[in-house]
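Just below is one structure, and these are the notes that go with it.
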Amino acid sequence: MAQKNLFPKKLPFRDDRAPIFVIDGSSFVYRAYYAIRGHLSNRKGLPTKAVFGFTQMLLKLLREMNPEYVVVCFDAKGLTFRHDMFKDYKANRPPMPDDLSVQIPYIKEITRAFGVPILEIEGYEADDLIAAIASRMDRPIVIVGGDKDLFPLISERVVIWDPMKDELIDKKKIKERYGVEPQKLIDVRALAGDSIDNVPGVPGIGEKTALRLIKEYGSLEEVLNHAEEIKQKRLRENLIKHAGDALISKKLVELNDKAPIPLEIDFYRKRPVNTLKLRELFLELDFKKLLKELPATKTISYEQYKLVLDFEKVKEIVEKARKAKVLALDLESDTKDPMRGKIVGVSLCFEPPKAYYFPFRHEGLEAQKQLPWEAFSNLASLIEDSSVKKVGHNIKYDLILLARYGVTLKGLEGDTMLASYLFDPTRRTHGLDELSEELLGHTMISYKEVTKELAKEESFARVPLEKAKVYACEDAHVTYLLYEYFWPRLKEETLWKVFTEIDRPLIEVLAYMEMAGIKIDTAYLKEFSREIAEKLKKLEEKIYAVAGERFNINSSKQLGYILFEKLKLPKVKKTPKKTAFSTDNEVLEELSLHHELPRLVLEYRTLAKLKSTYVDALPKMVNPETGRLHTSFNQTVTATGRLSSSDPNLQNIPVRGEEGLKIRQAFVPEKGFLFLSADYSQIDLRVLAHYSEDETLIKAFWQGEDIHRRTAAEIFGISPDEVTPEMRRMAKTINFGIVYGMSPYGLAKELKIGRREAKAFIERYFERYPGVKRYMEQIVAEAREKGYVETLFGRKRPLPDINSPNRTAREFAERTAINTPIQGTAADIIKLAMIKIHQVFREKGVGTRMLLQVHDELLFEVPEKEIEEIKKIVRQIMEGVVELKVPLKVNLAIGRNWAEAKA
DNA sequence: TAAGTGGA
DNA sequence: TCCACTTA
């Protein structure tokens with residue numbers, strides 16, 4: 001919203017006083033509403049198309065014209081003097097649609113927030129107000145609008161600017177276009193009439209004839225006076241017969257300039273933009289792009305940030321903090337990995353804008369100025385005091401770091417990162433800095449900025465205390481402000497339940513799992529790596545021999561050259577970005593029918609991937625202190641509510657094929673322990689059965705049938721015992737496709753059949769499972785109406801494209817609408833089970849630890865003696881965690897490694 | 001379909 | 001940044 005004083009449009013006025021820009025508000029509201037295709041709504045389902053279009057127009061005007069005087073005119077409610085005169089005036093106009101009228105208050109608020117005065121007077125239409133301003137304000141006037149009805153107002157002193165067409169219409173233009181003075185357009189319209197506004201006019205006369213007549217006689221009255229002279233019979237008769245109508249019409253279309261408008265120029269003065277208010281409105285309306293363009297206006301003062309260097313002061317602050325409503329807390333460490341770093345300092349904020357930084361382990365010249373480590377216990381006692389509510393941003397990190405110092409955080413009120421995620425799980429990131437920028441309008445100091453004078457390998461511990469203070473205090477401060485932002489919003493929605501009953505309690509469970517880690521057999525992996533290296537070497541030589549030259553097989557570019565240029569193999573398809581020809585699995589599979597090279601490359605790739613991603617990478621990530629692998633479970637990444645795992649990702653460890661199993665064998669329990677794997681059987685399909693209430697599906701699950709076999713029997717129209725393995729495989733793919741929201745196209749590709757055939761399969765499926773079809777139609781309709789979908793527990797996912805005019809985008813949103821409630825509900829179910837299991841484990845004080853979650857599977861490390869007890873607990877909790885219309889079923893397996901525990 | 005990782 | 005590949 002740069003307020004540069006540029007007048008890019010040359011305004012054709014002799015008068016060089018600043019013009020008044022008079023905006024035809026009502027016409028823009030309608031234009032935005034009807035002109036923008038598709039549908040736009042915010043996360044709550046409020047339609048926003050007109051607000052958006054209007055806002056863009058206003059922005060364009062303010063940017064390009066930078067007006068000193070400006071006003072938006074709106075139609076007032078109720079009848080105008082025109083109705084008194086002619087009761088059918090505008091009788092053909094339908095009333096304002098509901099989904100437009102709800103937007104009007106927002107449009108007005110935004111206008112005010114931009115500092116633009118609003119004019120609205122009972123009994124008058126916007127056009128009349130504009131006419132009054134144009135004729136009675138002695139100033140240059142720019143009417144902002146595009147409506148032809150306003151053309152008669154144009155004069156030496158009045159022009160019209162249409163920001164949408166970017167067209168400036170002045171007197172000269174009108175004369176060129178119509179050949180008459182602007183005011184005469186009234187007479188033209190009176191003769192021609194207007195069916196939209198129900199202005200009668202004279203039958204048989206259109207704009208062309210009207211113009212000709214007015215040009216000839218000068219005015220409507222003169223035309224009527226000379227009606228007798230007109231040669232054409234029909235025209236003459238009509239003019240004489242309908243002279244009265246024509247005169248009434250003139251009264252109707254004549255713009256009334258008598259409206260009691262404010263005459264003081266000060267009323268029209270542009271006021272400053274209220275960025276805070278705009279931000280609030282844009283946030284509510286979900287105008288993300290506009291939000292980003294708002295300047296960061298909020299300046300947070302760092303003046304009240306205190307560096308605490310004195311033990312006595314620590315005690316004082318801790319005592320004060322105990323009485324705080326909520327304490328925002330942030331730990332500074334020297335690594336990103338909470339399983340490795342040490343605590344360098346602690347920041348607190350409980351009375352914003354005050355905040356405190358407690359440095360403990362900084363390095364360098366100032367080290368001796370810091371707090372003695374004993375002071376940390378004072379903070380620890382505060383952190384362990386469950387009566388003091390804490391919030392943090394990504395608090396799991398702090399939880400783990402603290403736990404390594406033997407400190408257990410109690411009284412967790414929540415996590416602002418999680419709050420942001422629940423509020424909109426499709427956001428790209430939930431980083432403190434981005435949220436601060438976008439939601440608070442405050443630009444934070446970046447980590448990069450703070451550490452820029454440091455050498456590459458140096459950590460936060462090397463940051464000078466003053467600088468560290470500002471950075472750390474700002475983190476705690478902004479966290480507090482985000483807490484104030486999100487909490488009321490979460491409480492307002494169904495999200496509060498998901499937050500307090502699922503995601504918040506899960507934080508601690510995940511922290512435990514990450515801290516537990518998992519053991520891998522590094523010696524075994526080393527040996528395996530050597531074996532693969534050998535195989536790769538042989539394959540490599542063979543590939544070079546077949547290709548006739550040496551090249552980098554890992555480079556898809558070089559491989560593409562060999563396959564398509566040198567060997568002239570058919571180019572099957574392009575890469576998704578269309579920048580090159582694809583060399584992916586599917587393509588190589590097909591090409592292997594023509595040549596032996598693709599097969600070899602396929603084999604090489606599988607092995608190379610296995611080696612680099614798993615066999616070689618995993619041992620490097622073993623924590624030297626614990627001797628185990630500690631993944632990080634991210635709770636705020638996926639759009640559906642699933643978890644994700646990284647550093648390393650333990651949710652995509654291979655399972656298929658011989659080599660895959662060999663890698664799973666490297667994951668082993670501690671001595672004296674066994675692995676117990678518990679996975680939900682067909683949880684997605686069971687959730688689908690619950691949602692759809694499909695009788696066949698529900699019955700199949702209650703009878704414990706093999707669901708893919710049942711599906712095969714249904715779609716092939718045979719009995720279950722007649723189903724061949726091939727049929728079952730196809731049915732399985734279809735079930736899979738339904739749950740993952742696969743398109744008919746995707747299904748065709750997966751089954752390697754024609755698209756029509758795939759479509760026929762899907763149709764057959766819907767015939768046999770009509771409830772599923774009903775569910776899909778219903779959920780898509782609901783999504784269209786609300787603009788979002790939700791899980792059984794109220795977790796939401798916005799679907800902005802659900803009404804998009806772009807078919808691809810819309811269909812994608814539709815598949816998402818079908819899939820998210822299913823996958824998200826399944827994710828909620830397993831999260832709930834994890835929370836309960838963790839709780840029972842702690843109550844019973846068992847030695848068993850939950851190690852991993854892989855979407856529908858949990859992996860435990862169980863002392864041999866506890867096996868039977870734990871099996872019982874796990875099954876009972878997982879199967880009983882919610883009651884659906886179908887039973888939940890869990891498969892348990894025990895093993896001395898992860899491969900065994902899968903069978 | 002979605003997410004993470006490795007290699008160029 | 002793009003591509004390919006692993007899991008669910």
Side-chain angles (χ1 to χ4, degrees), chain A residues 425-426 428-429 551-561 573-589 598 601-618 620-621 631-657 659-661 663-664 677 679-685 687 732-733 735-743 745-747 749-750 797 799 808 811-824 826-827 830 852-859 898 902:
Chain A
T426 58
R428 200 179 46 83
T429 62
F551 65 100
N552 188 342
I553 310 165
N554 284 320
S555 157
S556 12
K557 214 175 134 200
Q558 291 183 37
L559 178 63
Y561 166 77
K573 65 168 180 185
K574 296 254 184 146
T575 56
K577 283 257 167 174
K578 306 199 190 293
T579 49
F581 291 101
S582 171
T583 65
D584 70 12
N585 239 333
E586 197 190 313
V587 172
L588 293 182
E589 201 68 55
V601 173
L602 229 36
E603 216 176 311
Y604 178 90
R605 258 198 199 155
T606 319
L607 278 180
K609 173 86 181 171
L610 219 58
K611 184 170 185 289
S612 66
T613 313
Y614 307 106
V615 182
D616 292 344
L618 293 178
K620 287 185 200 153
M621 309 194 74
T631 184
S632 149
F633 286 107
N634 202 321
Q635 218 178 336
T636 59
V637 171
T638 72
T640 54
R642 277 187 170 186
L643 298 176
S644 84
S645 149
S646 63
D647 310 297
N649 180 353
L650 295 185
Q651 289 183 325
N652 73 345
I653 300 299
V655 63
R656 291 184 262 264
E659 317 287 346
L661 278 182
I663 289 181
R664 291 224 166 189
S677 158
D679 67 285
Y680 275 116
S681 158
Q682 315 290 359
I683 187 161
D684 292 336
L685 283 174
V687 173
K732 189 175 170 181
T733 308
N735 278 332
F736 185 84
I738 299 261
V739 176
Y740 283 122
M742 201 184 267
S743 59
Y745 172 75
L747 182 68
K749 225 169 65 175
E750 199 68 30
R797 171 175 186 174
L799 294 169
T808 317
E811 286 178 342
F812 181 67
E814 285 168 1
R815 293 199 294 274
T816 312
I818 294 166
N819 171 250
T820 297
I822 299 173
Q823 202 179 99
I830 196 166
L852 300 178
Q853 188 248 47
V854 191
H855 310 308
D856 62 358
E857 170 193 4
L858 294 175
L859 187 71
W898 199 3
K902 246 302 139 150

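Only heavy atoms go into these numbers, but all of them, side chains included; no hydrogens, no water, no symmetry mates. Here is the naming used below: chain letters follow the sequence lines, and residue numbers restart at 1 for every chain.
Within 4.0 Å (heavy atoms only), A:Asp647 reaches sugar-phosphate atoms of the nucleic acid but no base atom. Residue contacts shown for A:Ala608 are absent, as no nucleic acid heavy atom lies under 4.0 Å away. Here A:Asn634 lies out of heavy-atom contact (under 4.0 Å) with every strand.
Between the side chain of A:Ser646 and the backbone N or O of A:Pro648, no donor-acceptor pair lies under 3.5 Å. When atom types are taken as modelled, the side chain of A:Gln558 and the backbone of A:Asn552 share a donor-acceptor pair closer than 3.5 angstrom.
Here the NE2-CG distance, from A:His855 to A:Leu643, works out to 8.0 Å after rounding to the nearest 0.5 Å.
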Summarise how protein sits on nucleotides 3-8 of chain C as a single string, 5' to 3': B when a protein heavy atom is under 4.0 Å from the base, S for sugar-phosphate-only contact, - for no contact.
-> SBBBBB

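Using a 3.5 Å distance cut-off with no hydrogens or angles, the side chains of A:Thr583 and A:Arg605 do pair a donor with an acceptor.
When side chains are defined from C-beta on, A:Trp898 does not count as touching A:Val655, because their heavy atoms never get closer than 4.5 Å. Two residues are said to be in side-chain contact when any heavy atoms from C-beta on lie closer than 4.5 Å; A:Phe736 and A:Glu750 fail this criterion. No side-chain heavy atom of A:Gln823 sits less than 4.5 Å from a side-chain heavy atom of A:Val739.
Evaluation of the salt bridge (charged side-chain N to carboxylate O under 4.0 Å, His left out) rule for A:Lys609 yields no partner, not counting sequence neighbours.
Nucleotides of DNA chain B lying under 4.0 Å from heavy atoms of chain A occupy a range whose first and last members, 5' to 3', are B:dT1 to B:dA8.
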